[in-house]
Structures are given as structure tokens and as C-alpha cells.
Amino acid sequence: MALSPINQRRFALFKAHKRGWYSLWLFLGLFVFSLGAELIANDKPLLIKYDGNWYVPVLTRYPETAFGGEFPLEADYKSPYMRELIAAKGGWMLWPPIPYSYESINFDLKVPAPAPPSPDNWLGTDDQGRDVLARVIYGFRISVLFALTLTLFSSIIGVAAGALQGFYGGWVDLIGQRFLEIWSGLPVLYLLIILASFVEPNFWWLLGIMLLFSWMSLVDVVRAEFLRGRNLEYVRAARALGMGNAAIMYRHILPNAMVSTMTFMPFILTGAIGTLTALDFLGFGLPPGAPSLGELVAQGKSNLQAPWLGISAFVVLALMLTLLVFIGEAARDAFDPRK
């Protein structure tokens, strides 16, 4: 589908912003790379050939008995016993580049955990003997997916609330603004900590808690656009022709409001990642053991003798947030009506 002339102009402006354009491709490359984390960092082989048959442990759980073992438990492919069973039938295993998952513990460390970087653990291990690079890859993925999901739902709610306030005005706008003033005055981080302490948080529970407060950032922008647009001539003409309010809001005013909304989304994404990292750092975020960049920061704080923990977390977070800020700057320039 061909872009309209104005969208072609916006795309050209975005592409002309070299810093944002290259940041977008680099961020997309890292995100796509992290989506295949199970194929890059895993404690199970990608492929096994045994006794003339093919097995894919990274996708399917196989018991020991499938390879001539004695117990109907999931096979431990790193154990010498399992290696001997597979090799006895002329089989072989294809391992991922990083033979550790985010929860795998390296029991063969030569020094106490946290262990420094080595050929076996490229970024070292944390204080539980888990591979830092594997946890960074999985943590990057869950942070971005969490932030994208939160940004999507926050934008939907924020745009809808701002549209209703701006279009109808009057008591709807007055009550909505007073509610926003009260709701935005609450200490968000403290409430998130209190709510997260009631139950053991998981991905969706934590998403719901943060969604209670993150939707307000777009309301004022969309409300202003609808307040301005509802009195324009083409909107009055559509109303005079009998078009309903919902159709006017969706077809005539919302496209103009989405221009300002799109410029804010990368910054909402950045804020969501920062909030998730802060909650994980304080111990009120994702469940214990989950791949978390905030938890890695906390380990770096607790283990100052292991600087690779703090440095790894800092580099990943700094790179991620910097790329998103650069993308947001390019989007802001592309949708700037003065250009």
C-alpha cells in the first residue's frame, strides 16, 4: 500500500535524521536477535541425531529412556552419562553458541560465584552461578516486550480518555480533569511497591498494576487536539451532514491527534523500561529467578568485588534507552507540523 504524500514526507524526514534512523535499525536488530534467545542461549542442544533418528530438545522434552537411559525423567544433556549414551549409537549433539539458559547454573566453576568472565562464561556468572550473558539476552527481550505491551495498552486508554474529554467538553472534561489531577498526584512508585507486595507478581499482574498509572501521559496531548479540532469547519460540516459523534471522532479528528501521540510513544517505552528496572532492583518486580536487568543491577550493587555484573547491566540499559531516545527524537522531528 502506497503512502500518502504527507506520510512520504514524514518518512523522508525520519530517514534524514541519521542518528534516529540508524538507532531504529540497531534496536530492531537487537530485538529480533533477542526473540530467538532460546536458539542462542540454552542448556539444551538444538539438534540431536541418535540411532538414525532426529531429536529437537530445544522444542520438545525427551526423557532419558528415549536415548537408552533408565529413568523417565527429562534428559540432562550435559551429563557425561547422557553424552556416552548418545555417542554409543554414533550420535551427536548441536549446541547453541551459549550453552546456558537464563536459569542454568554452572556447577563446574573453578572459583566461587560470582565468577569472572571466561571462555565458558563470556560475561562471567552472577552470585548464583548463572551465566550473565544468557540472562542479559533474556532480560533484554522481556524488558522490551513488557514495555511494548504496556505502551500499546496505555496508548489505547490514554487516547480514548483524552478524546472523550476533548470532544464532549463540559462536565465530561471537568470531571475527567479533576480525576486526572487526583490520580496523577498519587505517589506512583510507592503504590506500585505496595500493590506488588500483596501477591507474587508475574508478567501480566505487574503489567496491570503499571497500567493503572501509565495511561495518563497521553491524555493531555490528545485532549488538546480534540478541543481544537471539534470546532473546525470540516468537523462542523460532517456534523451538519448527519455523521455521528463516534464517526467524526474516529475519521476526522483522531488522525490529527495521532500525530502528536506517535511522537510520545518512544518516550513512554523508555519510561516503562526504566520503571520495570527500578521495581526489579527493589525486589518488587518480576518473580525471583526471572531474567531481569534490574535484578542484575542489584547483584552488581551487592557484589562490588564483581564489577562485570554492574558493567554488563549498565551497558545494556544505557544502550537500550539511548537508542529509544534517539528514535523518539527522529519521530518528533518527522511529525513536527512546522516541517
**Q** Evaluate the side-chain proximity of Leu35 to Arg141: yes if any heavy-atom separation is below 4.5 Å, no if none is.
**A** yes
**Q** Are Glu84 and Lys89 close enough for a salt bridge, meaning some N to O gap below 4.0 Å?
**A** no
**Q** Write down the atom of Gly166, the atom of Arg230, and the distance for their closest heavy-atom approach.
**A** O-CD, 3.4 Å
**Q** Just so I know, are the side chains of Trp308 and Trp122 near enough to count as touching, which here means a heavy-atom distance under 4.5 Å?
**A**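 In short, these two side chains do not touch, never coming nearer than 4.5 Å.
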**Q** Should Phe11 and Phe27 be counted in the same cluster of Ile, Leu, Val, Met, Phe, Trp and Tyr side chains packed under 4.5 Å apart?
**A** yes
**Q** Testing the basics here: between Leu269 and Leu324, what is the closest heavy-atom pair and its distance to 0.1 Å?
**A** CD2-CD2, 3.4 Å
**Q** What verdict does the side chain to side chain contact (heavy atoms under 4.5 Å, CB included) test give for Ser104 and Arg130, after you've listed the backbone C-alpha separation in whole Å, the side-chain angles of each residue and the deciding distance to 0.1 Å?
**A** CA-CA 6 Å; Ser104 305; Arg130 299 171 299 190; over 6 Å; no
**Q** Assess whether side chain to side chain contact (heavy atoms under 4.5 Å, CB included) is satisfied between Leu254 and Val159, documenting all intermediate values.
**A** CA-CA 9 Å; Leu254 183 60; Val159 169; 3.7 Å; yes
**Q** Are Leu152 and Trp205 linked, directly or through intermediate hydrophobic residues, by side-chain heavy-atom contacts shorter than 4.5 Å (ILVMFWY only)?
**A** no
**Q** When you look at CZ of Arg178, are more than 12 heavy atoms from neighbouring residues, nucleotides or ligands closer to it than 6.0 Å?
**A** yes
**Q** Are side-chain N/O atoms of Glu295 and Gln299 paired as donor and acceptor at under 3.5 Å?
**A** yes
**Q** Working to the nearest 0.5 angstrom, can you tell me the gap between Tyr102 OH and Asn42 CG?
**A** 10.0 Å
**Q** Hey, is the main chain of Ala115 close enough, under 3.5 Å, to the side chain of Thr125 for a donor-acceptor pair?
**A** yes
**Q** Does atom CZ (Phe314) have a neighbourhood of more than 12 heavy atoms from anything else shown, all under 6.0 Å?
**A**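 No - once you tally the heavy atoms of other residues, nucleotides and ligands closer than 6.0 Å, there are 12 at most.
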**Q** So does Ala41 get a backbone contact from the side chain of Tyr138, meaning a donor-acceptor N/O pair under 3.5 Å?
**A**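 The answer is yes, because a donor-acceptor pair under 3.5 Å joins these two groups.
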**Q** Should Trp92 and Tyr50 count as side-chain neighbours, where that means a heavy-atom distance under 4.5 Å?
**A** no
**Q** Going from OG1 on Thr277 to CG on Leu293, what distance comes out if it is rounded to the nearest 0.5 angstrom?
**A** 5.5 Å
**Q** Look at atom OH of Tyr81 and say whether more than 12 heavy atoms of other residues, nucleotides or ligands are closer to it than 6.0 Å.
**A**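 Check passes, neighbour count above 12.
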**Q** When rounded to the nearest 0.5 angstrom, what is the spacing between CZ in Arg223 and CZ in Phe167?
**A**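 It comes to 15.0 Å.
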**Q** Can you establish whether the number of heavy atoms outside Trp25 located under 6.0 Å from its atom CH2 is more than 12?
**A** no
**Q** Would you say the side chain of Val56 lies within less than 4.5 Å of the side chain of Leu59, judging by non-hydrogen atoms?
**A** yes
**Q** Would you mind reporting whether Leu150 and Ile268 have side-chain heavy atoms less than 4.5 Å apart?
**A** no
**Q** What's the separation between atom CE in Met249 and atom OH in Tyr168, rounded to the nearest 0.5 Å?
**A** 5.5 Å
**Q** Taking it one step at a time, do Tyr55 and Phe67 satisfy ring-ring contact (aromatic ring centres under 6.0 Å, His included)?
**A** CA-CA 10 Å; Tyr55 300 87; Phe67 305 100; 4.9 Å; yes
**Q** On the six-membered ring of Tyr100, is Lys78 placed so that its NZ or CZ lies under 6.0 angstrom from the centre and within 45° of the ring axis?
**A**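 Yes.
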**Q** Can you tell me if CZ on Phe179 sees more than 12 non-hydrogen neighbours from other groups inside 6.0 Å?
**A** yes
**Q** Would you sort out whether Ser154 and Leu218 count as a side chain to side chain contact (heavy atoms under 4.5 Å, CB included), showing the intermediate values?
**A** CA-CA 8 Å; Ser154 299; Leu218 287 176; over 6 Å; no
**Q** Can you tell me how far OG of Ser101 sits from CD1 of Ile40, rounded to the nearest 0.5 angstrom?
**A** 12.0 Å
**Q** With a 4.0 Å cut-off on N to O distance, would you call Glu74 and Lys44 a salt bridge?
**A**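 Salt bridge between Glu74 and Lys44, a charged N being under 4.0 Å from a carboxylate O: yes.
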**Q** Could you state whether Ile156 and Val222 fall into the same hydrophobic cluster, counting links through intermediate Ile, Leu, Val, Met, Phe, Trp or Tyr residues with side-chain heavy atoms under 4.5 angstrom apart?
**A**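 No.
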**Q** Within a radius of less than 6.0 Å around CZ of Phe14, do more than 12 heavy atoms belonging to other residues, nucleotides or ligands occur?
**A** yes
**Q** Looking at Asp76, is its backbone amide N or carbonyl O close enough to the side chain of Ser79 to form a donor-acceptor pair, meaning the two atoms are under 3.5 Å apart?
**A** yes
**Q** Hey, mind stepping through Leu13 and Asp333 against side chain to side chain contact (heavy atoms under 4.5 Å, CB included) and telling me if it holds?
**A** CA-CA 7 Å; Leu13 287 171; Asp333 292 344; 5.9 Å; no
**Q** Measure across Asp280 and Gly294 and return the closest heavy-atom pair with its distance rounded to 0.1 Å.
**A**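 Reported closest heavy-atom pair: CB-CA, 3.7 Å.
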**Q** What are the two closest heavy atoms between Asp126 and Arg135, and how far apart are they?
**A** OD2-CD, 3.7 Å
**Q** Check whether Trp183 reaches the backbone of Leu212 with its side chain - one donor and one acceptor, N or O, closer than 3.5 Å.
**A** yes
**Q** Answer yes or no: is there a side-chain heavy-atom contact under 4.5 Å between Phe140 and Ile273?
**A** no
**Q** Treat each ILVMFWY residue as a node, draw an edge where side-chain heavy atoms are under 4.5 Å apart, and state whether Met210 and Phe203 are in one component.
**A** yes
**Q** Establish, for the pair Arg19 and Phe326, whether the NZ or CZ atom is under 6.0 angstrom from the six-membered ring centre and no further than 45 degrees off its axis.
**A** yes
**Q** Does Leu47 reach the side chain of Trp54, with side-chain heavy atoms less than 4.5 Å apart?
**A** yes
**Q** Of all heavy-atom pairs between Leu123 and Ser312, which one has the smallest distance, and what is that distance?
**A** CD1-OG, 4.0 Å
**Q** With distance as the sole test, does Thr322 use its side chain to make a donor-acceptor pair with the main-chain N or O of Leu319 at under 3.5 Å?
**A**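 Pair absent, no side-chain N/O of Thr322 close to backbone of Leu319.
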**Q** Following the transitive rule for hydrophobic clusters with a side-chain heavy-atom cut-off under 4.5 Å over Ile, Leu, Val, Met, Phe, Trp and Tyr, establish whether Val136 and Phe31 coincide in one cluster.
**A**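 Per the 4.5 Å side-chain linkage, Val136 and Phe31 are co-clustered.
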**Q** Looking at every heavy atom in both Gly129 and Leu109, which two are closest together, and how far apart are they?
**A** CA-CD1, 4.2 Å
**Q** Rounded to the nearest 0.5 Å, what separates atom CG in Leu276 from atom CD1 in Ile142?
**A** 7.5 Å
**Q** Tell me, do Leu323 and Leu30 make a side-chain contact under 4.5 Å, heavy atoms counted?
**A**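 Yes, at least one pair of side-chain atoms sits under 4.5 Å.
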**Q** Compute whether any side-chain donor of one residue and acceptor of the other, for Asn106 and Asp131, lie under 3.5 angstrom apart.
**A**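 No, Asp131 and Asn106 have no side-chain donor paired with an acceptor closer than 3.5 Å.
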**Q** In a check of side chain to side chain contact (heavy atoms under 4.5 Å, CB included) between Asp220 and each of Gln165, Gln177, Glu225, which one passes?
**A**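 Going through Gln165, Gln177, Glu225 one by one, the side chain to side chain contact (heavy atoms under 4.5 Å, CB included) with Asp220 is satisfied by Gln177 alone.
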